[in-house]
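Reviewing the structure listed below.
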2 protein chains.
Amino acid sequence: MSRSVKKETLLNVAERLFYEHGFRGVGLKQIISEANVATMTLYNHFSSKDQLVEEVLKQREERYWSYLDAHVEMDSDSPFILAVEAHGRWLKEQSYQGDMFLRAIEDYAGTDNEIENIARGHKSKLLKYFQELAQRKGIENERDLANQFTLLLEGTTSMTTLIGAEKATEHSIAMARTIVQHTS
Amino acid sequence: MSRSVKKETLLNVAERLFYEHGFRGVGLKQIISEANVATMTLYNHFSSKDQLVEEVLKQREERYWSYLDAHVEMDSDSPFILAVEAHGRWLKEQSYQGDMFLRAIEDYAGTDNEIENIARGHKSKLLKYFQELAQRKGIENERDLANQFTLLLEGTTSMTTLIGAEKATEHSIAMARTIVQHTS
DNA sequence: AATCGAATAGAAAGGTCGTTCTATATAAAA
DNA sequence: TTTTATATAGAACGACCTTTCTATTCGATT
């Protein structure tokens with residue numbers, strides 16, 4: 001179906017442009033142009049720019065979790081380290097320019113829309129993910145450890161802007177190892 | 001002088017609004033309106049919106065370092081922990097809505113302007129700050145430790161969006177202590 | 001062959017953006 | 001007192017924004 005192809009193209013082009021220049025920094029004109037699509041084709045598939053942003057975020061969230069699930073064996077010896085490593089590889093492959101979800105939360109904060117909810121949902125899922133990992137390992141303060149590892153991932157993402165994904169991940173893994181070793 | 005007062009008002013109002021809604025999310029109209037100032041007053045003190053952004057960033061950077069310098073005794077027993085604590089208090093007092101410098105880097109990336117340079121300058125100063133702290137303590141891999149603590153601060157800032165400044169800081173300090181204890 | 005959905009280019013509407021301009025007021029400096 | 005600098009409100013500019021509309025083309029289904 002030609003329909004699906006155009007829609008997917010739009011989603012991919014929009015995701016890339018939003019990622020590179022921010023939601024407010026990219027106009028529909030540019031998206032339409034780079035996707036080689038007519039204005040009405042976009043409005044046929046998405047009711048508004050905001051809804052396009054929502055679907056881009058949903059797509060990106062799916063991709064992130066697929067990536068993590070593919071690289072983290074939850075029952076391995078050190079699933080925490082694997083998760084940090086996987087996150088680092090994800091960042092590297094993205095040729096990183098910031099965290100799209102954090103940006104969404106900030107850009108659309110206080111405007112009471114669905115976009116912020118989706119982005120926050122992704123972040124709380126990350127917390128839950130580490131909690132589950134900690135529970136499987138029978139770690140006492142699973143909530144504390146989950147928060148700490150989420151903080152490490154967030155820090156890695158930010159640091160990537162400054163020193164690149166590889167170095168940021170190295171430092172993150174070093175800290176992760178130390179923390180795992182010295183936690184109940 | 002009435003001149004300085006207006007300029008300061010503009011800088012403060014702009015900083016608050018940029019912080020709350022992002023650089024691209026705030027128009028000059030709103031800044032002018034909330035500062036109770038005429039359009040030409042703004043253009044009298046700032047040559048463009050971009051230059052206003054630059055000066056806001058410079059002002060914010062100054063404030064940040066004043067705050068850190070005031071709270072961190074560099075020759076104390078644990079200057080690293082003090083720095084993490086001070087950063088946490090700073091975040092709490094800002095009623096946090098993101099990191100303005102990271103946002104500036106992302107929003108203006110690739111447009112080859114002064115804004116990105118200022119923001120990146122602040123971040124590399126943070127790295128240097130921790131390097132100097134590590135050197136004073138005679139720590140071997142001062143660069144590694146500096147990177148790790150910068151990563152912790154960045155993570156704390158991001159996590160504040162999700163769980164609040166106090167909890168984020170607690171987790172950050174916990175990790176900081178563990179790392180300090182088990183480093184050279 | 002006729003029909004229908006979906007795509008197309010492009011104009012247009014209605015708004016906001018950053019910036020400049022006009023014309024005037026105020027208050028200190030000369 | 002005259003000059004100068006700085007303030008004011010508000011209109012105007014051109015550019016861009018999101019969204020809607022028009023008019024046309026293309027291919028597959030009937």
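Lettering follows sequence order; numbering is per chain, from 1.
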Whole angstrom value for the distance that separates C1' of D:dT6 from CG of B:Leu10: 13 Å
Show every donor-acceptor pair shorter than 3.5 Å between a side-chain atom in residues 82-91 of chain B and any protein atom, with sequence neighbours excluded, or say none if there are none.
| from | atom 1 | to | atom 2 | distance (Å) |
| --- | --- | --- | --- | --- |
| B:His87 | ND1 | B:Tyr64 | OH | 2.7 |
| B:His87 | NE2 | B:Leu153 | O | 3.4 |
| B:His87 | NE2 | B:Thr157 | OG1 | 2.8 |

Ring pair (Phe, Tyr, Trp, His ring centres under 6.0 Å) partners of A:Phe23, counting only residues at least two apart: A:Phe18, A:Tyr108
Short side-chain N/O contact from B:Lys7 to OP1 or OP2 of D:dT6, under 4.0 Å: no
Short side-chain N/O contact from A:His45 to OP1 or OP2 of C:dA7, under 4.0 Å: yes
Distance-only donor-acceptor check, side chains B:Arg63 and B:Gln94, under 3.5 Å: no
For atom NZ of A:Lys49 and atom C1' of C:dT16, their distance in whole Å: 13 Å
Within residues 14-40 of chain A, residues whose heavy atoms come under 4.0 Å of DNA chain D: A:Val26, A:Gly27, A:Leu28, A:Thr39, A:Met40
Rounded interatomic separation in angstrom, taking CG from A:Leu42 and C1' from C:dT8: 14 Å
Spacing between A:Lys6 atom NZ and D:dC26 atom C1', to the nearest angstrom: 12 Å
Counterpart residues, side-chain contact (heavy atoms from CB on, under 4.5 Å), relative to A:Asp75 (two or more places apart): A:Glu73, A:Arg136
Pairing pattern in dot-bracket form [Watson-Crick, G-U; both distances under 3.5 Å; | = partner strand] for DNA chain D: .|||||||||||||||||||||||||||.|
Residues that B:Tyr19 engages under ring pair (Phe, Tyr, Trp, His ring centres under 6.0 Å), provided they are two or more places apart: none
Counterpart residues, ring pair (Phe, Tyr, Trp, His ring centres under 6.0 Å), relative to B:Phe46 (two or more places apart): none
Partner set under salt bridge (charged side-chain N to carboxylate O under 4.0 Å, His left out) for A:Arg16, not counting sequence neighbours: A:Glu34
Side chains of residues 99-106 of chain A: which donor-acceptor pairs under 3.5 Å do they make with residues two or more places apart or in other chains?
| from | atom 1 | to | atom 2 | distance (Å) |
| --- | --- | --- | --- | --- |
| A:Asp99 | OD1 | A:Phe101 | N | 2.7 |
| A:Asp99 | OD1 | A:Leu102 | N | 2.8 |
| A:Asp99 | OD2 | A:Lys123 | NZ | 2.8 |
| A:Arg103 | NE | B:Glu106 | OE1 | 3.4 |
| A:Arg103 | NH2 | B:Asp107 | OD1 | 2.7 |
| A:Glu106 | OE1 | B:Arg103 | NE | 3.4 |

Atom-pair distance (OH on A:Tyr43; P on D:dT19), nearest Å: 3 Å
